[in-house]
Amino acid sequence: MPATLDLSCTKCGKVMKVPTELEGKKIRCKGCQQIIVVSASAKPAKAAKPAATKAAAPPPPPPVEKPKSPFLDDDDDDNPNPMGVIKEEDIARCPHCAQVLDPPEAEVCLHCGFNNKTRVKAETKKTIAPEAADWASHLGPGIIALVLAITLIVVDIVVLLNMKEWMAGSALELEDKDPVTGATRYIIKPGAFIAMVWAFSIVAIIPSLRFAYRRLAVDYKPEEKIKK
């Protein structure tokens, strides 16, 4: 029978009988698959005792559990595709608050309002949503101005259509008529009164329409109230 050596596994402690011819070579442990170098310091194997006096083999040592990292979940050890590591320089972050930019090419950071192009941080403030009373007080003057302008336009049209009828039989009417056309003559012509009424109304109509347009179309939102 060839001479053997008793070699203990450096990882699981399993004792194996190795032929002396393998001294200096690498073998694999049958218990834990650890690679071991057969050294000359291994003890020669003792001669086998008779079967009658052979003691029962000791139970194999329990398998050594692999230590787990406290930073990983239990499921990561059995996952064939563990989560990879992303390099920090591969993520686009805001230079002001260091939050991730979404999308990476975003010009303005959604978290802090920093503009990556102008390098200026936008001012943020908390405001109170306007209530019904705020809308009424803000839009009311614009509505009144619009109604006033429409009323004056209607008055101008009525004056244009009825001025001659209103002046007929008044003190401004002359007794003699126009010898050429036979039309009634007046001290002051009806057209003069119409022009005067239109002149005064236009002075009020134009500013009223401008104000109504700004308040109802351009600046239709009530002024923001800053929350303290």
Side-chain angles (χ1 to χ4, degrees), residues 89-228:
E89 58 269 17
D90 295 340
I91 303 177
R93 293 184 177 272
C94 173
H96 186 269
C97 65
Q99 295 290 337
V100 178
L101 291 177
D102 186 21
E105 62 276 5
E107 183 176 330
V108 179
C109 176
L110 299 178
H111 301 280
C112 67
F114 183 78
N115 192 310
N116 295 290
K117 181 175 291 186
T118 61
R119 316 302 292 179
V120 176
K121 183 178 180 294
E123 182 182 358
T124 58
K125 56 184 178 181
K126 295 181 179 179
T127 58
I128 302 174
E131 299 178 352
D134 299 328
W135 284 99
S137 61
H138 181 75
L139 299 178
I143 296 174
I144 294 174
L146 181 61
V147 172
L148 176 62
I150 295 174
T151 302
L152 291 176
I153 292 173
V154 172
V155 170
D156 289 343
I157 295 174
V158 172
V159 169
L160 177 63
L161 298 177
N162 298 280
M163 181 56 69
K164 288 184 179 182
E165 183 180 350
W166 292 342
M167 293 182 64
S170 66
L172 298 175
E173 183 179 357
L174 298 176
E175 294 181 359
D176 55 335
K177 297 184 179 181
D178 191 334
V180 179
T181 60
T184 305
R185 293 194 304 170
Y186 299 90
I187 299 174
I188 301 175
K189 293 182 178 181
F193 284 103
I194 295 174
M196 183 176 60
V197 172
W198 277 49
F200 281 107
S201 62
I202 288 175
V203 173
I205 289 173
I206 294 177
S208 298
L209 290 177
R210 288 180 177 176
F211 178 79
Y213 174 74
R214 289 196 303 267
R215 184 58 61 92
L216 301 178
V218 179
D219 187 21
Y220 62 91
K221 291 184 178 181
E223 184 178 358
E224 293 182 343
K225 296 181 180 179
I226 300 177
K227 186 177 181 180
K228 297 181 180 180

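None of the values given here were measured: they were computed from a predicted structure.
- Listed here is the closest heavy atom pair of Ala168 and Glu173: C-OE1, 3.5 Å.
- In this structure, Cys97 and Phe114 have side chains that are not in contact, with every pair of non-hydrogen atoms separated by 4.5 Å or more.
- When all heavy atoms of Arg215 and Pro141 are compared, the closest pair comes out as NH1-CG, 4.1 Å.
- The CG atom of Leu146 sits 9.0 Å away from the OG1 atom of Thr151 when rounded to the nearest 0.5 Å.
- The 12-atom threshold is not exceeded at CZ of Arg210, counting heavy atoms of other residues, nucleotides or ligands nearer than 6.0 Å.
- In this structure, Asn116 and Ala106 approach most closely via the heavy-atom pair ND2-O, 3.3 Å.
- From Leu110, atom CG reaches atom CD of Gln99 across 10.5 Å, with rounding to the nearest 0.5 Å.
- Summarising the geometry of Trp135 relative to Pro130, their closest heavy-atom pair is NE1-CG, 3.7 Å, with the distance given to 0.1 Å.
- To the nearest 0.5 Å, the span separating SG on Cys109 from CZ on Arg93 amounts to 11.0 Å.
- In this structure, CG in Leu139 is found 11.0 Å from CD1 in Ile144, a value given to the nearest 0.5 Å.
- A donor-acceptor pair is defined here as one N or O able to donate and one able to accept, closer than 3.5 Å; no such pair exists between the side chain of His138 and the backbone of Glu223.
- Here the closest non-hydrogen pair linking Ala204 and Leu152 is CB-CD1, 3.6 Å.
- No option in Val158, Ile205, Leu148 other than Ile205 meets the side chain to side chain contact (heavy atoms under 4.5 Å, CB included) test with Ile153.
- In this structure, Pro207 and Ile202 approach most closely via the heavy-atom pair CD-O, 4.1 Å.
- Residues Phe193 and Val159 are not in side-chain contact: their nearest non-hydrogen atoms beyond the backbone lie 4.5 Å or more apart.
- Rounding to the nearest 0.5 Å gives a distance of 7.5 Å between NZ of Lys164 and CD1 of Ile194.
- In Glu105, the CD atom is crowded: over 12 heavy atoms of neighbouring residues, nucleotides or ligands sit closer than 6.0 Å.
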